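Here's the structure, in structure tokens; my notes come after.
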Amino acid sequence: INREKTQIHFIGKRPQFTFTIEGEPLTIQSAIRDLGVHYDNKLSFHDHIDQKYGAAMRIINLIFRAFSTRKVSTYLRLYKAFVLPILEYLSPIWNPSDIGSIQKLESIQRKFTKRLFYRVGKPKISYESRLKKLSLCSLKQRRLLTDLVTFYKVLHGQIETPKALFTGAPSISRTRGHRKRIQYTTFLKQKPFSTFLCRVPKLWNKLPERIVMAKNPTVFREEILRH
């Protein structure tokens, strides 16, 4: 192990002892970046969201500086190709539940669509109306869809996870819920609602049976969008 490249990161309470290599204490980091996701020792993703906000806005500004066309389709293709991937990379891990973070992320698309309408000479209308005319979903809805598709893949073994995380929910009645209802283990119920394994099962259990019984993720996604 390279001591100079090794650091310590604690989740939760910091233990009262020191880690060393070759007698030298290791540096303790309160926040780290792992696989492109920034988080701190409280599993907060505020720094990650701040960085993604800055990166997305820089790309949007670059798009409007580099292109002068009045074709809406051109800006939409650029937005979907270069901005959305920044905002949605591994979103099931860091998808926020606090209003401030949700609004900050949504403001990116709000500003983009406003600038787009101004650039192409369209009249001022509300954000929701702009989304409808551009056939876009809100970023919050897109993250929710990604959550559910990821959860579908987990339950169908397409993403490897410990089987002990979920068990089938006992049937209360034939008219309540669907055959794929699940319950999560007790220790997960103590986690903040913002964590994936607490956030998504509640949404999953509320879906109609025709959606959860979809034969593959593509059909599942299409059914969600039609729901």
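Quick note: residue numbers are just sequence positions, from 1. Quantities reported herein were computed from a predicted structural model and do not represent experimental measurements. No hydrogens, no waters, no symmetry mates; every other heavy atom, side chains included, goes into these values.
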Exercise. Between the main-chain N or O of H38 and the side-chain N or O of W94, is there a donor-acceptor pair closer than 3.5 Å?
Worked result: no
Seminar exercise, completed: For I59, the side-chain contact (heavy atoms from CB on, under 4.5 Å) test, sequence neighbours excluded, returns I63, F82, V83, I86
Exercise. After noting the C-alpha distance and the side-chain angles of T6 and F19, does the key distance pass the side chain to side chain contact (heavy atoms under 4.5 Å, CB included) rule?
Worked result: CA-CA 11 Å; T6 304; F19 291 89; over 6 Å; no
For this session: Could you list all the side-chain hydrogen bond (donor to acceptor under 3.5 Å, both in side chains) pairs where at least one residue sits in residues 55-66, not counting sequence neighbours?
Result: N61-R115
For this session: Look at the aromatic rings of F64 and Y75 and report parallel, tilted or perpendicular, splitting at 30° and 60°.
Result: parallel
Problem set entry | D50/K104 salt bridge by N-O under 4.0 Å criterion | yes
Exercise. Within the side chain of R143, is there an N or O that forms a donor-acceptor pair under 3.5 Å with the backbone of I102?
Worked result: no
Problem set entry | Short N-O contact, E223 and R210, less than 4.0 angstrom | yes
Seminar exercise, completed: Y39 meets the ring-ring contact (aromatic ring centres under 6.0 Å, His included) criterion, sequence neighbours left out, with H9
For this session: Return yes if some donor-acceptor pair links the side-chain N/O of N95 with the main-chain N/O of F196 below 3.5 Å, else return no.
Result: no
For this session: Could you tell me whether a side-chain N or O of Q141 sits under 3.5 Å from a main-chain N or O of S138, the two making a donor and an acceptor?
Result: yes
Exercise. How long is the gap from OG on S126 to CZ on R110, to the nearest 0.5 Å?
Worked result: 9.0 Å
